[in-house]
Chemist: 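Structure incoming, see below.
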Protein chains: 2
Amino acid sequence: MAARPGLDPEAVLQAAIALADREGLEQLSLASLAAALHVKTPSLYNHIKGLPDLKRQLSRRGLILVKDAMVEAVIGKSEDAALLAAGLAYVGFARKQPGLYEAVTAPLTDYEDPELQEAGAQVVSFLLKLLAPYGLSEEDALHVVRGFRSLVHGFASLEGQNGFRMGLDRDESLRRLLQTYLLGLRAGSGRK
Amino acid sequence: MAARPGLDPEAVLQAAIALADREGLEQLSLASLAAALHVKTPSLYNHIKGLPDLKRQLSRRGLILVKDAMVEAVIGKSEDAALLAAGLAYVGFARKQPGLYEAVTAPLTDYEDPELQEAGAQVVSFLLKLLAPYGLSEEDALHVVRGFRSLVHGFASLEGQNGFRMGLDRDESLRRLLQTYLLGLRAGSGRK
DNA sequence: TATAATAACTAATGTTATTAGTTTTGTAAA
DNA sequence: TTTACAAAACTAATAACATTAGTTATTATA
């Protein structure tokens, strides 16, 4: 019947996110995290199960937040404008929280984690809603969702690893990529 | 004037690639690599500078090989057919050598490594050649290169982290993604 | 005020990367 | 054939890290 304040799991997660965004996900260790929290490493085990568990939590939180960012971005928009806004918001999130986004895309130790699957399913479900007005079959819509996710994740990932070196406006590249894909969708809707 | 055979840097690299492809890049450690080579860990330092150096070499080799795979795939093809073949080859490479491809896309310790920049530049240069027949301005072509790389890398990366869960044909998703983008390129070439 | 839940700690273990210094060995020159 | 040396592989040692076990300290509540 008596607790003791101090850290809690959410505070540890927040500190881990801050550290990952600031220094990169590879720099996130229990040692560096404990130091940032002015605590000894083993104390963290009162709040997390271990480093793999912490990274799993980062992945999940990142997925939730990137979806939230897209949801926010499409308010009052529909069809191409909504998809464009969602794509820009996705990449914007990856830029603002690079370490957290890295965690989303990091090779998972556990592909089968149900919390991660749920978070991923919410992203897919959100995109399917944006596609509803296009009147696609369920199968067609799922292919498009895969395409859209590939687009935005690929762009965000390459940008995040400094893959775009030329002095060419990156926002312009992203806008063109999304618009070209959307144009292709319109142009191809008659086709098989 | 006298050497002593045994391992050499290329053999170490090959073993590292095999291990990464088999077990995943995270499982690649100097300890596991040395064990696979029936050697003690410090012996590896006769052939590589250390673990970061080894991973850098993997990145570079992966970039070269993925480009080679695309070059091979476009023989005798041009325009949309060539870009489609290149995209399929890119993803095919990531599927066949998942650990090596992971290394290509892993967050680098050293963005500025000239060897990696050179390898990346060769990929860009190759794609620019494929785009030549489209008669785009240099700037337009560079935007398209970014788009194409985003497409294929995003797809390969999501697929590699088991991001595509639905029982939906993945090759079909990839083909549609590439075709939709190419269609958008054609449709949009009059526009700004 | 006393208690109990629990956060934080110390101590210890095992893994890993890395460096320094030593031994071994195969080849090329004598 | 013998010898010398270059380089590969080794042993030993250190430092960083994650993790577990067991102990101490603290604080909200009964």
Chemist: May I ask whether Y134(A) and M70(A) are part of the same hydrophobic cluster, defined by side-chain heavy atoms of I, L, V, M, F, W, Y residues being less than 4.5 angstrom apart, directly or through others?
Modeler: yes
Chemist: What is the distance, rounded to the nearest whole Å, between atom NZ of K55(A) and atom C1' of dA18(D)?
Modeler: 11 Å
Chemist: Determine: side-chain N/O of S43(A) to OP1/OP2 of dC9(C), distance under 4.0 Å, yes or no.
Modeler: yes
Chemist: Using atom names, set out every protein N or O paired with an N or O of nucleotides 13-16 of chain C below 3.5 Å, distance rounded to 0.1 Å.
Modeler:
none

Chemist: Looking at dC10(D), dC9(C), dA7(C), which one has an atom nearest to any side-chain atom of H47(A)?
Modeler: dA7(C)
Chemist: How many whole angstroms separate atom NZ of K40(B) from atom C1' of dT23(C)?
Modeler: 15 Å
Chemist: Tell me whether E72(A) at atom CD has more than 12 heavy atoms from other residues, nucleotides or ligands lying less than 6.0 Å away.
Modeler: no
Chemist: Is a side-chain N or O of S150(A) found less than 3.5 angstrom from the main chain of L151(B), in a donor-acceptor match?
Modeler: no
Chemist: Side chain of L7(B), heavy atoms from C-beta onward: which of dC9(C), dC10(D), dA9(D) has the nearest atom to it?
Modeler: dA9(D)
Chemist: For the side chain of N46(A), counting heavy atoms from C-beta on, which of dT19(D), dA8(C), dA9(D) is nearest?
Modeler: dA8(C)
Chemist: Tell me whether the centres of the aromatic rings in F155(A) and F164(A) are closer together than 6.0 Å.
Modeler: yes
Chemist: Shortest non-hydrogen contact from Q179(A) to L84(A)?
Modeler: NE2-CD2, 3.9 Å
Chemist: Which nucleotide in the list dT11(D), dT19(C), dT20(D) gets nearest to the side chain of Y45(B)?
Modeler: dT19(C)
Chemist: Are Y90(B) and Y101(B) close enough that their ring centres sit under 6.0 Å apart?
Modeler: yes
Chemist: Output the single nucleotide from dA7(C), dA9(D), dT18(C) whose closest atom is nearest the side chain of T41(B).
Modeler: dT18(C)
Chemist: So, is H38(B) near the phosphate of dA9(D), with a side-chain N or O under 4.0 Å from OP1 or OP2?
Modeler: no
Chemist: Report the distance from atom CG of L37(B) to atom P of dA9(D), rounded to the nearest whole Å.
Modeler: 9 Å
